[in-house]
Amino acid sequence: MSKQYKELANCIRFLSIDAVQKANSGHPGMPMGMADVATVLFKDFLNFDPNNPSWINRDRFVLSAGHGSMLLYSLLYLTGYKSISLNDIKNFRQLDSICAGHPEYHPNTGIETTTGPLGQGISNAVGFAISEEILKKQVGKRIIDHKTYVLAGDGCLMEGISHEALSLAGHLKLKNLILLFDNNSISIDGPTNLTVSDDHEKRFKSYGWDYLKINGHNFKEISKALKKAQKSKKPIAISCKTTIGYGSPNKSGKASSHGSPLGEDEVKLVRKKLKWKFGPFEIPKDLINEWRKIGEKATYKLKKNENKIQKINLNNKIPNTFNKIIEKTKKDYFNNLKTMATRKSSELFLDIVSKLPNLIGGSADLAGSNNTKTKNHKIIKPSNFSGNYIHYGVREHAMCGIMNGISLHSNLVPYGGTFLIFSDYCKPSIRLAAMMKQKVIYVFTHDSIGLGEDGPTHQPVEQLASLRSIPNLNVFRPSDFIETFECWQLALENENTPSVIALTRQGTSPIRLKDTQKNECSKGAYEILRTGEKINLTIIATGSETSLAYDVGHKLATEGIYAKVVSMPCHELFDQQSESYKNKILAETDLVVSI
C-alpha cells in the first residue's frame, strides 16, 4: 500500500513545488505536507466525478487553508477535471489563470468556493453540510447522502470565525462534516507556539465534535481515521500531524517552506531525497493513468428521482402564485396607507415567501428585532432539518460565511439578519459572496440614528458607504412599505449578485401614494415628487430620509423654490441605467442636494 500511495502523493508534491518555483511565488509547504492525506481521501473515500463536477450528490472538498491552493489544482488536474490543464498549472498565480494564488470559485470546475481569508472555508463547509441535511430531508437520502470535507490549518483555527462555525456545527450535530486539520505547528512568523497553546482536542470536544489524532504521513492511520469518520454520529475533526515542506532536506518543518518558493537548489535536493527522477511538471505515464482511474471510479449514478431537486431547488424565480399574493398585498396597502417601519414591511413580505422551498432564513440572535422570522417559519434543529429557519446565535461572522456555503451548495437561497452596525463583522464574507456572484441576502435593520436608546455604539455612520464600495453588491435602502416589497423582489430575482436590504426600526411615512403597476426600484432611482414644472433644485434621499426630503420639497414650494425629489433605493442599479436616464434624474438642475 505505502509505495503506491507515496508515489501518487509525490505527483501532488512535485506539481506544487514546480508551479510555485516557476511562479516565484506561493506556498509549497502545505501541499507537500498534506499530499499523503489528500491522496488517501481522493483515492479511497471522496465521491466525485470529473466529468460532472456539479453532480448534486458529490462529496464536497473545501480547502479552507487556501494558501495551499496548489494541492487542490494538482488534485483536479491529476484526477482528470477538464477545468485544470498542465498548462494552467504552469501558469500558477498568473493573471487570468484559473490556478490563482488562493482558490477562486468557478462553477462546474471542482473549485467549490473562494478561500484565502483564513477560517472562511470552515464556515462555508458548515453551510455545505447544513444544505446537504436540508435537501436530504426534502427529497430523501436515496438521492442526497454525501459528506463535506474541509482541510484547515492552524491559521484557520486561530481566526475567530472558526470558533463560531465549529460551535454551531457541533450544536446541529452535523455528522456529515469532516474536518482535516493540517497540524504542522508552523505559521508565517514561525512555530505556532509563538502565539498558541490551545488544546485542540478539548476545544473540539467541547463543541460536541469527535476528534482523532493521526500521523499524517502514515497511510494506514489516515485510512483508518477516514473509515471511522464515515460512521461518526457527530461532526469529526482528524488532527493530521504533518511536516510542512515534507521531503525538503533544509526547509521541512520550518516557516521558510510556508510562503516562499523552495529555490532551485533545494528543489533538486527534494527530488533526490524523494527519489523523483522526473523533470519539472513531468508526471510518469503509469502514475497519471493511476490518478485518472481514481477520477473514473466515481459512484455517480443518475437517479430517476434526481429531477425532484431540479424542481425544488434550481428554479429561483418567484412562482406566479406568490407574485399574485405580493401584488394583492401591495394593492391592499395602497387602499390603506399608513406609517410602518421598513423592518415590519420586510416581515410582511417574508410572511408571503417563507414557504418557498429553497429560501432559508435566519438571524444572529436578533429574529425579533430584524423581523426575519415569521409565523410560517419552522426552525432547523439538531437532527431535524425539515425547517427553513436557522437560529445562528450571536455569530454574525459565521452566519454570513455559512450562508455563502448554503448558496454555493445547490442554489438554496439564504438570508440572514443583524443590525446594520454589525455588518462590519460580516464584511469579509459579504465581499467573498460578491466575488463569487452568489445570491445571498443580508437583512440589516436599525439602519440610522433612529434606532432607539442604544446609543453611539449601535448607530451606523460609515457602514452604508462602506458596503456600497464593494463591487457586485446591491445595497437596497427602501423608504416605505412598497419600496421594501420591490427591493425584496429584486434581491430574490437577481441571480448573480448578493443583496443588502437596510431597514428602519422607526416607522416611515408612505412616499408611494398610488400603484404604478411596475417595480420603480428596479432602476435604482426615480422621481417621487415634483412641486413645479420649472424646478430650481433636485433633492435625493434613501430610506427614512426620503419622507424628510418629501416634506422639504413641499416646504420649499411655499417659499417659491420648486424642487424635484428623487428616491434612490439602490445606487448600484442606478449606475447600470442608460446615460439618458441618469441625466434625466440628476442633470435637470445645477443644484443637487443629497440627504
Side-chain angles (χ1 to χ4, degrees), residues 1 4-5 8-9 11-12 15-16 30-31 34-66 68-84 103 105 108-113 115 121-122 124-126 128-129 131-132 136 141 144-152 174-182 212 214 216 219-232 235-238 240 242 287-288 290-301 405 408-410:
M1 176 182 180
Q4 184 201 25
Y5 282 71
L8 291 170
C11 297
I12 299 170
L15 281 175
S16 301
M30 191 280 264
M34 282 298 281
D36 297 331
V37 174
T39 298
V40 177
L41 175 64
F42 272 69
K43 187 175 188 308
D44 299 329
F45 293 92
L46 200 74
N47 289 323
F48 64 103
D49 184 358
N51 293 314
N52 188 355
S54 296
W55 167 36
I56 191 76
N57 199 34
R58 70 192 181 279
D59 289 335
R60 270 53 171 191
F61 176 69
V62 176
L63 186 66
S64 187
S69 58
M70 266 313 306
L71 176 84
L72 177 59
Y73 306 142
S74 298
L75 286 161
L76 295 178
Y77 165 68
L78 290 166
T79 53
Y81 282 80
K82 294 177 179 63
S83 52
I84 307 282
Y105 170 70
N108 213 40
T109 63
I111 303 170
E112 299 283 7
T113 182
T115 57
I122 291 178
N124 295 168
V126 174
F128 281 126
S131 298
E132 191 267 348
K136 187 192 293 183
K141 64 180 178 183
I144 295 294
D145 187 17
H146 56 264
K147 303 282 187 188
T148 295
Y149 297 86
V150 55
L151 194 166
L174 297 174
K175 61 183 183 297
N176 53 358
L177 179 60
I178 299 166
L179 184 143
L180 301 167
F181 171 28
D182 178 22
L212 300 173
I214 62 167
F219 294 108
K220 286 183 180 175
E221 284 190 33
I222 298 165
S223 184
K224 189 177 174 184
L226 284 167
K227 272 181 190 166
K228 271 191 182 176
Q230 307 307 306
K231 297 172 183 173
S232 177
I236 184 167
I238 303 172
C240 310
T242 60
L287 290 179
I288 197 82
E290 195 58 37
W291 268 112
R292 293 293 151 85
K293 281 180 194 170
I294 293 169
E296 289 163 9
K297 75 170 172 47
T299 60
Y300 174 69
K301 289 173 187 166
L408 286 160
H409 180 272
S410 50

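Only heavy atoms go into these numbers, but all of them, side chains included; no hydrogens, no water, no symmetry mates. The shown structure was predicted, so the numbers you read here are calculated from the model rather than taken from an experiment.
- Taking every heavy atom of both residues into account, V150 and A125 meet most closely at CB-CB, 3.6 Å.
- Closest of all the heavy-atom pairs between A229 and K147 is O-NZ, 4.2 Å.
- Going from atom CD of E112 over to atom CZ of F48 covers 11.5 Å, rounded to the nearest 0.5 Å.
- Rounding to the nearest 0.5 angstrom, the gap separating the CG atom in L212 from the CD1 atom in I222 is 13.0 Å.
- Between the side chain of R58 and the backbone N or O of P53, at least one donor-acceptor pair lies under 3.5 Å.
- Here the side chains of E296 and W291 are not in contact, with every heavy-atom distance at 4.5 Å or above.
- Side-chain polar atoms of D44 and Y5 form a donor-acceptor pair below 3.5 angstrom.
- Checked by atom type and distance alone, the side chain of T109 never pairs as donor or acceptor with a backbone atom of S83 at under 3.5 Å.
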Might you work through the ring pair (Phe, Tyr, Trp, His ring centres under 6.0 Å) test for F61 and F42, ending with a clear yes or no? CA-CA 9 Å; F61 176 69; F42 272 69; 5.3 Å; yes

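- With rounding to the nearest 0.5 angstrom, the CZ atom of F181 is 12.0 Å from the CD1 atom of I214.
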Worked check of side chain to side chain contact (heavy atoms under 4.5 Å, CB included) between F45 and K227: CA-CA 8 Å; F45 293 92; K227 272 181 190 166; 3.8 Å; yes

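- Nearest heavy atom pair, residue S410 against residue I56, reads CB-CD1, 3.5 Å.
- Remark: R292 is positioned above the aromatic ring of Y77, its terminal NZ or CZ atom under 6.0 angstrom from the ring centre and at most 45 degrees off the axis.
- Looking at S223, its side chain never comes within 3.5 Å of a backbone N or O of F219 through a donor-acceptor pair.
- A distance of 10.5 Å separates OH in Y105 from CD1 in I111, rounded to the nearest 0.5 Å.
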CA sep, side-chain torsions, deciding dist, call: M30, L63, side chain to side chain contact (heavy atoms under 4.5 Å, CB included): CA-CA 11 Å; M30 191 280 264; L63 186 66; 3.6 Å; yes

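- Judged by distance alone, the side chain of S64 and the main-chain N or O of I122 form a donor-acceptor pair under 3.5 Å.
- The minimum heavy-atom distance linking G216 with T242 is given by the pair CA-CG2, 3.9 Å.
- Closest approach of G405 and S131 over heavy atoms only: O-OG, 4.3 Å.
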With side chain to side chain contact (heavy atoms under 4.5 Å, CB included) as the criterion, how do I294 and L8 come out once you've worked through the C-alpha distance, each side chain's angles and the decisive distance to 0.1 Å? CA-CA 11 Å; I294 293 169; L8 291 170; 4.2 Å; yes

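- No more than 12 heavy-atom neighbours from other residues, nucleotides or ligands sit within 6.0 angstrom of NZ on K175.
- Among T39, I12, L151, the one residue that satisfies the side chain to side chain contact (heavy atoms under 4.5 Å, CB included) test with M34 is L151.
- The nearest pair of heavy atoms linking D36 to A9 is OD1-CB, 3.2 Å.
- Using a 4.0 Å cut-off between charged side-chain N and carboxylate O, K136 and E132 make a salt bridge.
- The closest donor-acceptor contact from the side chain of Q230 to the backbone of L226 lies under 3.5 Å.
- Here N52 contributes atom CG and N57 contributes atom CG; the two are 11.5 Å apart, rounded to the nearest 0.5 Å.
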Just do the side chain to side chain contact (heavy atoms under 4.5 Å, CB included) check on I288 and L78 with the steps written out, would you? CA-CA 6 Å; I288 197 82; L78 290 166; 3.7 Å; yes

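- Here OG of S232 is found 11.0 Å from CG of L174. Values are rounded to the nearest 0.5 Å.
- A side-chain donor-acceptor contact under 3.5 Å links N176 to the backbone of A129.
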